[in-house]
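Taking it in order: structure first as structure tokens, then the write-up.
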Amino acid sequence: MTQQETTSNTQHDDQNVTVLPDPDQPDEIHHPKSKRFFQGKQLRLSRSKMNTVLALCAMLISAASFYATYMQAKAAQEQVAAAERQLEAETWPWLQFNYSNFDLESERPRITVGILNSGTGPALIKWVQYHYRGQTYDSIIALFDACCNISAYREALDSAQQDDNDINMLAKFGWYVTSRAEHSLLADGASLPLFTMQKSNFNNRLWDKIDSMSEQVEVYTCYCSLLEQCYISTVDSHVSPVSDCTAGKLTLAQRDNSSTVEH
């Protein structure tokens, strides 16, 4: 065998030899372990604690749902109240008692007593009361009979008209016209004449007496709107709400009785 062959075999054997590490020598390469700064702990809940947590969550959800429902109901109530106020404003009647002693169109003295609806809705008039010198009268004719005996004037005209049908007693002597307001429906902007009397040479004394006592009369009118909201208005246009006109009449009667006792 030649020297080259020997060298080749030696190299070949060297390649097939497995070098074992020396247990006495430490490893040159170290792989340090990473340190954990936070070590989590496993959370364990018992069945009772879990039920408590679920119950609290259910209570919070119920409270939130109740609050949301409450806010919705409150908003709905406010909308309904606003709609009711708007409807009330659109149907609110306001009655005013009017008195005048001169007719501008004819330019003649004429007593006119009436009721005007200055509101925004029609009014159902329940009753009208006239208070004069501590007495209460349910009609304007009863009032003028008490103060001025106006029925005697009418009887005199009726008798004169029967004696002479060729003469218009109304035009010549001055008739009077009346109407009752009870249970009348007065539209907004409309007026209702209650008493009209033109002055003439025949009735001038009666006419002057009625005109002079008009400032001493207190007038109360009870009426209701389409929404059945009732009011009492005075001669000076003061309006007071009442539950109904029957109760309003009783209230006026009690007030008058107390005033009489005090005097």
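Along the sequence shown, residues are numbered consecutively beginning with 1.
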If you look only at distance, which donor and acceptor atoms sit under 3.5 Å apart when one is on a side chain in residues 59-68 and the other is two or more places apart or in another chain?
residue : atom : partner : partner atom : Å
S62     : OG   : A58     : O            : 2.9

Other than L104, which residues form its hydrophobic cluster under the rule that side-chain heavy atoms must be closer than 4.5 Å? F102

Indicate yes or no: at least one non-hydrogen side-chain atom of F202 is less than 4.5 angstrom from one of W207. no

Here the disulfide (SG to SG under 2.5 Å) pairs for residues 196-229, sequence neighbours left out, are C222-C245, C224-C230

Option from V128, L95, L124 for which side-chain contact (heavy atoms from CB on, under 4.5 Å) with Y223 holds: L95

Distance check, rounded to the nearest 0.5 Å: L252 atom CG versus E218 atom CD? 10.0 Å

Let me confirm one number: the CD-OG distance from Q198 to S106, rounded to the nearest 0.5 Å. 6.0 Å

Transitive ILVMFWY side-chain link L194 to Y176, under 4.5 Å: yes

Mind listing the closest non-hydrogen atom pair of D244 and A247 along with its distance? OD1-N, 2.8 Å

Taking everything shown except D236 itself, do over 12 heavy atoms lie less than 6.0 Å from its CG? yes

Do you know the tightest heavy-atom contact between R110 and D103? NE-OD2, 3.4 Å

Kindly indicate whether the side chain of V235, heavy atoms from C-beta on, has any atom under 4.5 Å from the side chain of V217. no

Trace of the side chain to side chain contact (heavy atoms under 4.5 Å, CB included) decision for N98 with T112: CA-CA 8 Å; N98 296 329; T112 303; over 6 Å; no

Sequence-distant partners of D208, salt bridge (charged side-chain N to carboxylate O under 4.0 Å, His left out), two or more places apart: K199

Looking only at heavy atoms, what is the nearest atom pair of A181 and I115, with distance? CB-CD1, 4.3 Å

Mind telling me whether F195 and F144 have parallel, tilted or perpendicular rings, with 30° and 60° as the class edges? perpendicular

What do the steps show when you test I150 against I210 for side chain to side chain contact (heavy atoms under 4.5 Å, CB included), and what is the final call? CA-CA 9 Å; I150 197 172; I210 293 176; 4.1 Å; yes

Least distance between heavy atoms, S179 atom then L192 atom: OG-CD1, 4.3 Å

Quick one: does any side-chain atom of S214 pair with a main-chain N or O of D211 as donor and acceptor, under 3.5 Å? yes

Name every donor-acceptor pair, under 3.5 Å, that has one atom in a side chain of residues 130-141 and the other anywhere in the protein, sequence neighbours excluded.
residue : atom : partner : partner atom : Å
H131    : ND1  : D256    : OD2          : 3.3
H131    : NE2  : Q129    : OE1          : 3.0
S139    : OG   : A142    : N            : 3.2

Between N117 (side chain) and A187 (backbone), is there a donor-acceptor pair under 3.5 Å? yes

Starting at CG of L226, measure out to CD of E88 and round the result to the nearest 0.5 Å. 12.0 Å

Criterion side chain to side chain contact (heavy atoms under 4.5 Å, CB included) on L116 and W94, from CA distance to verdict: CA-CA 8 Å; L116 172 65; W94 180 28; over 6 Å; no

Any donor-acceptor pair under 3.5 Å linking the side chain of S225 with the backbone of P93? no

Going by salt bridge (charged side-chain N to carboxylate O under 4.0 Å, His left out), name the residues that satisfy it together with E155, two or more places apart in sequence or in a different chain. none

Verify the neighbour count for atom CD of E215: are there more than 12 heavy atoms of other residues, nucleotides or ligands below 6.0 Å? no

Does the side chain of Y220 come within less than 4.5 Å of W127's, by heavy atoms? yes

Do I111 and Y99 have side chains that get closer than 4.5 Å, going by heavy atoms? yes

Test your reading of the model: is there a side-chain donor-acceptor pair from N203 to the backbone of L206, 3.5 Å cut-off? no

